[in-house]
Every structure is written in structure tokens, then in C-alpha cells.
Amino acid sequence: MSIELNPGSEVKTNTITQPPIRKRVFSGIQPTGNTHLGNYLGAIRNWVAEQTHYDNIFCIVDLHAITLPIDPQELHNNTRQMAALLLACGLDTRYCNLFIQSHIHEHAEMSWILNCFTPMGWLNRMTQFKTKAGTDLDSVGTGLYCYPVLMACDILLYQTHYVPVGDDQRQHLELTRDLAQRFNTMYKKRVFTIPEGQIREVGARIMSLDDPTKKMSKSDPNPSSRITLLDSPKEIKQKIGRATTDSERLVTFDPQRAGITNLLGIYQLLTGQSQQEIEATFAGKGYGDFKAALTEQLVETLRPIQQRYNELMSDQTMLDGMLKQSAESVRPIAAKTLQTMKDVIGLG
Ligand code: TYM
């Protein structure tokens with residue numbers, strides 16, 4: 001069975017004879033399963049919404065996924081599932097390249113080189129490492145420590161202008177910019193484009209459903225803390241029903257009431273309504289009414305994504321072909337940047 005990618009969507013034709021030079025967007029996502037509403041609202045949805053404006057490269061970062069233990073079969077399956085899910089969410093291969101990080105060996109090679117130029121003090125400041133490593137620093141792999149350097153390489157290899165991500169990647173992006181600037185200055189050559197983050201004001205930090213002081217996360221041991229993109233309507237209803245709120249009854253945005261405000265923020269992103277409109281809709285109503293409306297919005301948003309995902313997953317040959325073709329088309333960019341880097345250093 002062969003699946004047409006994004007059937008029915010209109011091909012944009014350019015009437016200007018000289019096509020405009022588009023700025024490059026790069027972003028990545030780990031194939032660690034449990035892709036959730038935070039990933040969707042904080043990143044994926046924005047990639048899709050703006051894909052026609054940029055020259056887009058999206059990467060499934062399997063080399064990052066092995067910085068913590070992961071079953072081989074699970075990693076392999078998750079990688080294909082992630083590709084299908086991103087296409088199902090609306091990434092269109094006419095505007096985007098979507099490839100698997102380990103298919104382009106320049107990522108790993110540049111990562112070694114850039115590690116040699118990264119002060120340990122800079123990595124010691126990375127808060128995600130501290131959270132992920134926990135207290136057992138003797139047994140955690142050094143890959144986890146160097147994770148932000150590999151992420152910097154992903155971005156810098158493609159001379160990226162913009163990096164659309166959620167708020168949790170802010171510190172990694174700052175490190176990327178610092179590393180690029182330092183390297184360019186050290187060798188008095190503009191080897192790397194200095195990238196800018198694109199972090200939205202709303203949606204960049206979707207919080208956990210059971211503890212709204214923590215961000216929604218793939219690795220939270222409690223599955224009720226997140227809505228995954230593949231959750232059934234029943235699971236969504238249960239999770240939203242159990243989501244932590246408070247003893248007040250007002251359906252209003254209030255930073256002091258993190259639970260209800262997080263749910264309202266999700267509703268706002270899904271409906272596109274303003275805070276005032278939402279508060280007016282639920283004036284005089286309680287949390288039960290609001291949660292029912294939110295559940296409906298979520299089910300209706302995820303239904304077409306899940307339908308398309310199932311269609312795409314039934315054609316693995318198409319998925320593998322698309323991933324391979326994308327890697328082939330962007331690899332020359334990575335190879336060129338790495339060669340320039342090696343030349344200025346004097347390698348080879
Ligand atoms: P990852 O796989 O954890 O998450 C993918 C994207 O989802 C965003 N995100 C969130 N946004 C809002 N609320 C949340 N609760 C939430 N949780 C996750 C993340 O910010 C991210 O944009 N290190 C990256 C992957 C990566 C990358 C890169 C990203 C590797 N190389 C180069 C950009 C550029 C990560 O672990 O994302």
C-alpha cells in the first residue's frame with residue numbers, strides 16, 4: 001500500500017522569478033516514546049504552522065536518546081513512530097526535510113571535535129544534566145554530560161538561523177550560541193551561523209497534569225501526568241478528569257492557581273480564543289464543565305492526527321524511503337560545515 005503524503009493540500013507556487021532566500025529552521029525531537037501535548041504545543045505545532053516560511057530541517061535525535069538506557073527494539077520502533085507522528089501532525093515533505101540523526105555521521109564526528117572546545121565549567125551549569133543524572137554521578141554515562149554539545153552540533157552543522165523549541169531548551173540554545181561565537185572568534189572566521197531560539201510566550205511550558213509545578217514530561221513515571229498524542233478518548237477523559245486543580249471553583253487564569261491555569265492555557269492554544277473570551281464562556285460554570293469542554297477539544301484535535309498516523313504506520317517502506325531521501329538531501333550541508341571546521345583547526 002502506498003500512502004500519499006499530505007494529500008489534497010495545495011502546492012504553493014511562486015510567481016516571483018527569483019525565489020526568495022528563506023531562512024533556515026532546525027529543530028529536533030527525541031524518539032523516546034510518549035510524545036505528549038507539551039511536545040506538540042511547545043514545538044511540533046509551531047514547526048507545522050510556519051513550515052512554508054522557512055527552509056526547514058527536522059531531526060529525530062536517536063543519538064541523544066541513547067544517553068539514557070533504552071531497549072534496542074524500542075529505540076528502532078520509536079524512531080519510525082516519531083517520523084509517522086510528525087508527518088501526521090502536518091509536517092509536509094515539500095517544505096521540510098525530516099531525517100534520523102544517526103544517518104548523518106557528521107553529527108557524531110563534529111560532536112567529538114566540539115567537545116574538545118567546550119569548557120567543562122559551561123557544561124557544569126546545565127540544569128537538565130543535573131535533573132536527568134540524579135544523584136548517582138558515578139554510573140551515569142558521559143554522553144549525558146556532553147548531550148548539549150551534540151545538540152549544538154545538530155544546529156550548527158546546518159548554518160541554522162532559527163531554532164523553534166519549548167522553554168526547557170533555552171539553556172542549551174544559549175550554550176550553542178556561546179560555543180559558536182567562541183569558535184568563530186578563536187579562528188577569526190565565520191565558520192558557524194549564530195542561531196536564534198524561537199520560544200513562544202504561550203505553550204512553551206506545558207505543565208504536568210498531576211503536579212502543575214513540574215513540566216509535562218515523557219519520562220514522568222506517572223502516565224496520568226501527560227496526555228500523549230496517541231491517547232484514546234477514554235484515556236483523555238480520565239486524565240483530564242483527574243488533573244490537579246484546587247478547591248476554588250472559578251474558571252479564571254490565575255498564576256496563583258497553577259493547575260487550572262495550565263489547563264486553561266492548553267484550552268486557549270487549542271481553540272485560539274483570548275483569555276477574556278474563555279473566562280466569559282465559563283463564567284458561572286464549574287471545573288466539571290470546563291474539563292468536559294477541554295476533553296472534547298483534545299479528542300477532536302488528536303482524532304485526525306491519530307487517523308493519519310495509523311495510515312502512515314501501515315507503509316513502512318514509504319517512511320524509510322522518506323527518511324533516507326531527506327538525509328541524502330541535507331547531508332551535503334553538514335559535510336561542508338564539518339570540512340570547514342576541520343580545515344580551520346588543521347585536522348587531516
Ligand atoms: P525533546 O524530545 O525533549 O522535546 C521536543 C520538543 O518539545 C518541547 N517540549 C515542551 N514544550 C512545552 N512544554 C513541555 N512540557 C515540553 N516538553 C518538551 C522541547 O522544548 C522540544 O522543543 N534536546 C532536545 C532535542 C534536540 C534538539 C536539537 C532540539 C536535540 N538536538 C537541536 C532543537 C535543536 C530534546 O530533548 O527535546
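Just follow the structure's listing: the first ligand is 1, and inside any ligand the first atom is 1. Because only heavy atoms are used, hydrogens play no part in the values below, and waters and symmetry mates are left out as well, while side chains stay in.
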**Message:** Do Arg226 and Ile206 make a side-chain contact, defined as non-hydrogen atoms from C-beta onward lying under 4.5 Å apart?
**Reply:** no
**Message:** Applying salt bridge (Lys or Arg N to Asp or Glu O under 4.0 Å), can you list everything that pairs with Glu174, at least two apart in sequence or on another chain?
**Reply:** none
**Prompt:** Tell me the salt bridge (charged side-chain N to carboxylate O under 4.0 Å, His left out) pairs involving residues 106-123, sequence neighbours left out?
**Reply:** Glu106-Arg331, Glu109-Lys342
**Ring-ring centroid check Phe282 Tyr267, cutoff 6.0 Å** = yes
**Message:** Under 6.0 Å between ring centres: does that hold for Phe129 and Tyr147?
**Reply:** no
Side-chain donor-acceptor distances from residues 253-260 under 3.5 Å, at least two apart:
from, atom 1, to, atom 2, distance (Å)
Asp254, OD1, Gln256, N, 2.9
Asp254, OD2, Arg257, NE, 3.0
Arg257, NH1, Leu250, O, 2.9
Arg257, NH1, Tyr287, OH, 2.9
Arg257, NH2, Thr252, O, 3.3
Arg257, NH2, Thr252, OG1, 2.5

For a distance cut-off of 3.5 Å, show me each N or O of ligand 1 paired with any protein N or O, plus the separation.
from, atom 1, to, atom 2, distance (Å)
ligand 1, 2 (O), Gln30, N, 2.9
ligand 1, 2 (O), Lys218, NZ, 2.7
ligand 1, 4 (O), Asn39, ND2, 3.3
ligand 1, 7 (O), Asn39, ND2, 3.1
ligand 1, 11 (N), Gly38, O, 3.1
ligand 1, 13 (N), Ile206, N, 2.9
ligand 1, 15 (N), Ile206, O, 2.8
ligand 1, 15 (N), Met216, O, 3.0
ligand 1, 20 (O), Gly166, N, 2.8
ligand 1, 20 (O), Asp168, OD1, 2.4
ligand 1, 22 (O), Gly166, N, 3.1
ligand 1, 23 (N), Tyr147, OH, 2.6
ligand 1, 23 (N), Gln169, OE1, 3.1
ligand 1, 31 (N), Asp154, OD2, 2.7
ligand 1, 36 (O), Gln30, NE2, 3.0
ligand 1, 36 (O), Tyr147, OH, 2.7

